[in-house]
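Chain identifiers are assigned alphabetically (A, B, ...) following the order of the sequence lines, protein sequences preceding nucleic acid strands; residue numbering begins at 1 within each chain. From a predicted model like this one, the values you see are computed outputs, not experimental measurements.
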Amino acid sequence: MAYPFGDIEKKWQEYWSEHKTFRAENNSAKPKFYALDMFPYPSGAGLHVGHPLGYIASDIVSRYKRLKGFNVLHPMGYDSFGLPAEQYAIQTGQHPEKTTKENIARYREQMDKIGFSFDWTREVQTSDPNYYKWTQWIFLKLFNSWYNPETDKAELIQNLIQKFSSQNSKVKIGEAEKFWNECSEKEKSDVLMNYRLAYLSEAWVNWCPQLGTVLANEEVKDGVSERGGYPVERKLMPQWSLRITAYANRLLNDLEKIDWSESIKESQRNWIGRSEGSSLKFQIPDSKFQIEVFTTRPDTVFGVTFITLAPESELVSRLTTPENKKAVDEYVHYAKNRSERERQSDVKKVTGQFTGAYAIHPFTGEKLPIWIGDYVLAGYGTGAVMGVPAHDTRDFAFAKHFGLPIIQVVQPPVNSSPNGGGQEGASCFDGKEGKCLNSDLLNGLEVKDAIKKIISEIEKRGLGKGKTQFRLRDAIFGRQRYWGEPIPIYYEKGIPKVIEEKHLPLELPQVDKYLPTETGEPPLARAADWYYHPNGGVTSPPLRGGDRGGVGGALELTTMPGWAGSSWYYLRYMVQDVKHIKPEDDKAFADKNSINYWRDVDLYIGGAEHATGHLLYVRFWTKFLFDLGLIPVIEPAKKLINQGMIQGRSMLLFRYIFVEAEKKSSIVSDLNKHLEAQGDSPYSPDDIRAEFSNGHLCHVNAIHVFENVNYRCSSVTPIHIPIEYVDDKNRLFRNKLLELQKREAFYKESVYENKISWSKDEVGNEFFLLTDEVEKMSKSKRNVVTPDDICKNFGADTLRLYEMFLGPLEQSKPWNTNGISGVFGFLNKFWRLFMSPSGGGQGGGQDERFSVSNEEPTKPELKTLHKTIKKIQDDIEHYSFNTSVSAFMICTNELTELKCNKRAILEPLVILLSPFAPHIAEELWNKLGHKESISFAPFPVYNESHTIDDSYAYPVSFNGKMRFNIELSLSLTPAEIEKEVLAFDQTKKYLEGKQPKKVIVVPKKIVNIVV
RNA sequence: GCUCGGGUGGUGGAACUGGUAUACACGCAGGACUUAAAAUCCUGUGGGCAUAAAAGCCCGUACGGGUUCGAUUCCCGUCCCGAGCACCA
């Protein structure tokens, strides 16, 4: 019979909750350990089996650290602002707060059943006004700060204002310059916007019409929105942004200081994208304008044959000659209206237009035609490039397409790729090695040296200077959405002003609908009294200043993006009992003492999908708060582990639609096109015929397709069947489908039940064999598996062990429960070590009685125990939890074999197991007579002397092939070992009478004889 | 295209800094207990050759080379899978 996990787990979960066992103290003499999980977005599908993977790992480490005498902070909360709740609100009219609350309750219930040692008194929710008050507060700090390049850190904007006014500096107003002290309030505000770390500007944004909002770069994948997959366009609009680019260098350099996975660091490096080069100015004859370009290859300057501007560049309209105006306007119009997706998908398509204008080559004085091309990005560098077709593939393609001249200026090294010529017309060579030619003062120099020389020359002649450019863009911070933190800004006479700190939080107003207004304003515009007055705040009664005069004004209508709240939440957890703190006692985002005690996260576990989003922003905010002296650390987390994704197994039914066609063969090729796209091998017509008759592919509108071959496959649509309707052999039974169709109209409409060619099982039930596919686990794919059933059927301890046993934490793997019985079996076997059958029943019987002996342990028993202590300790330190589970199994198998039920062995073993399977461990600990929770028991100390053997079975190899073992004393010297081995009977056999050439003896490892 | 991971039995996966490849578990096969089933326990299980049986031999960590007494591990080349970036000048 199985051990009574149900009762045990309930009992101890209640005990921990009642005794607040895992409440972390901020005043402690113990060393601190902060283990953090990326908090979840509470989605409507509930917690699936992938979520706990990381939580279990961090929980094991947390519990282990407690046993090791650390004061452990292991908190949990919710990233509860976000799009899905809002989309749901739009559909149903329900306030997103309501669904969010419900989802959180469900998550909590599920988490509680897994037995995590979270300190729930520190729970945070980003959508809680008590929390987002401080998110808004940090925003105000960003607004009121600028980045001082001289001190290389953020400083108060007040310092800059002071500087401007005391020096009466000249500042730029549009294209004009003006003295600071002569500027109007509005002009001053505009100037400062170029410095503030949170600023408002006209910016090209990723606009997603379907979602009605702008998206950050990392929220756009392949030209469509990450959430929902809707098309994204480029649009110029006023936007709040954060000046993360000011931190680009530090974000890049400090990666060296943290122990994060190489892949995350690499992603961040790519994303920040530092490149070193030079700026260079090209004069335009008879014009007040000039073109500045950025290049990483100033050494190729003598190969420049044209200049290309981005279509969005301001210079375009100014430089275009009258006779080219029409063509240029048309091209610009075309380029701007190409969606981001089109632009990215046909990268190979070369488009462009000549402006009619020319620039002067700064070294040769030659006339260079100025072109526009949409391969030049407006947002990078200066939005203009110098075209060096011989040594840049894009310039090459452009020059080829428009018949522009190509001049080779670098001779590739001889051993480089065979056809990488760089010769005029042939192909281009973009390697950063070789010798310069046709390059005046650079001739004969190696590329590297040429770069140095030309930069100093450029600088000497005042043509430009050496420069570092980053790919990273400022982060767009406003969202035209309801369910996010309101941005604490109001507009007085058109000037953005901050809300006073004492009026925070600026709470989300009630609105009648969660949609944009008829005039296209964000949902917050629907709020009746969305005005601010510095004397009265926002609330009762709102004093309206209005936009046109008086004090106060309309509040900002956009809200913050999803990542705002998560950029600093690790700090909020540091506050003792933060969940129950009263607003009037809440004096800081986190109090100084707490911050100085906990400092930073020691272990952070979460998904790799946040590599360039959350994980970059949280580093940015950390550095900013550090600069302001608010926190003592420059990085949020010392160690980061990315847990692998647990994928789901989707069940797919393909709907093939056939239509009439003229040609016979097309059905085969159409079908094969689809199968190849899926990675399946193509089918011959016979194969397809066979598949159809087997029922595999046969979900079609025209079943008789092979009798009447004049059909072709016009579409193939995969339909996700909810996995709970499918049996473990991928079979969808007809009655199940009917049941599903009754419940969900979608399946009624999309699946033609009477067109399916059903197969029959042994008893005659009709079924159809579905295709399975490993995909991300998600609600929309209908493949979500929750941990609930496993907790119910096997218990939380089994779930915890099984998730760890699945493989290395960082590896992604599809969920399957094939091996769960092994883990469950292990726990039962472990339980039985402590039990003896009371009535002499058979094989463990039903009447188990707790029975542990106080006898002295034997040597083999001690050896097993200490070997396991060492293994578990090493494994946890290396986050290798799958191998620990194996070690526990081996240990239990050995002790069962030894029939060991001795307290001296089992008691330490229970402590050892407790981080992994805390419920069963608490129960056994209690049965062993302890009154306190096992959570703070001392971790057993490894004693090497118990594991040392005096002899070792040496594997003896001949020419590297292992043949047999010899048991030899470990006290022997290598020479003695050699002698023993050579004297051994079997050795003679393998020597076949020959003399050994050489004998290698590695003590305690191996003996190898070379013949 | 560039960068970073990774390829081990039927399956998930072990193997410390080069030293007995396939631990542990699943699955499968056989057996014990049982009226029977479940549960539990035991035995076997990389492939091939060979044998009455035992011993024994050969091949095997994606593929081809190399270094080494010895390579899953290190080096070079190729193929495949996954992830990130992708007209970033």
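- A:R963 comes within 4.0 angstrom of sugar-phosphate atoms only, judged by non-hydrogen atoms across all strands, and of no base.
- Rounded to a whole angstrom, the distance from the C1' atom of B:C81 to that of B:A25 is 25 Å.
- Within the 4.0 angstrom heavy-atom criterion, only backbone atoms of the sugar-phosphate kind lie near A:K829; the bases stay farther away.
- To the nearest whole angstrom, the two P atoms, one in B:A62 and one in B:U11, are 14 Å apart.
- Among the atoms of the strands shown, none is found under 4.0 Å from any heavy atom of A:D874.
- For B:G9, the glycosidic angle deviates from 0 by 90° or less, giving a syn base.
- B:C26 sits 15 Å from B:G44 when the P atoms are compared, rounded to a whole Å.
- With C1' as the reference atom, B:A36 and B:A53 are 37 Å apart, rounded to whole Å.
- Note on A:V1002: a base of the nucleic acid sits closer than 4.0 angstrom, heavy atoms only.
- You'll find the ring centres of A:F916 and A:F888 inside the 6.0 Å limit.
- Remark: the separation of the C1' atoms in B:U40 and B:A50 is 38 Å, to the nearest Å.
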Atom pairs, N/O to N/O, protein against nucleotides 4-8 of chain B, distance under 3.5 Å?
none

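- Contacts of A:L806 with the nucleic acid, taken as non-hydrogen atoms under 4.0 Å apart, involve only primed sugar atoms and P, OP1 or OP2.
- Nucleotides B:G84 and B:U78 have their C1' atoms positioned 24 Å apart, rounded to a whole Å.
- A centroid separation of less than 6.0 Å is found between the aromatic rings of A:F964 and A:F984.
- For the P atom pair drawn from B:G70 and B:C4, the interatomic distance equals 31 Å after rounding to whole Å.
- For the side chain to side chain contact (heavy atoms under 4.5 Å, CB included) with A:D299, the qualifying choice from A:V447, A:V409, A:V388, A:I455 is A:V447, the only one to do so.
- Atom CZ of A:R471 is separated from atom P of B:U3 by 16 Å (rounded to the nearest Å).
- In this structure, A:N1008 reaches the bases: a heavy-atom distance under 4.0 Å links it to at least one base atom across the strands shown.
- Separating the CD atom of A:Q811 from the C1' atom of B:U11 is a distance of 14 Å, rounded to the nearest angstrom.
- Seen from the ring of A:W815, A:R649 does not count as a face-on cation partner, given the 6.0 Å and 45° thresholds.
- With both ends at atom C1', the span from B:U3 to B:U72 equals 25 Å, rounded to whole Å.
- Residue-level contact check: A:S821 touches the backbone only, with heavy atoms under 4.0 Å from sugar-phosphate atoms and none from bases.
- Within the 4.0 angstrom heavy-atom criterion, no nucleotide atom of any strand lies near A:Q469.
- Counting any heavy atom pair closer than 4.0 Å across all strands shown, A:N893 reaches sugar-phosphate atoms only and no base atom.
- Looking at heavy-atom distances under 4.0 Å, A:S275 makes contact with sugar-phosphate atoms alone, never a base.
- Consecutive Watson-Crick or G-U pairing (both distances under 3.5 Å) extending over three or more pairs maps onto RNA chain B as B:1-7 with B:79-85, B:10-12 with B:24-26, B:27-32 with B:40-45, B:46-49 with B:56-59, B:62-66 with B:74-78.
- Note on A:E609 versus A:K776: no salt bridge recorded, every NZ/NE/NH1/NH2 to OD/OE distance being 4.0 Å or above.
- Among the heavy atoms of the strands lying under 4.0 Å from A:S267 are primed sugar atoms or P, OP1, OP2 only; no base atom is included.
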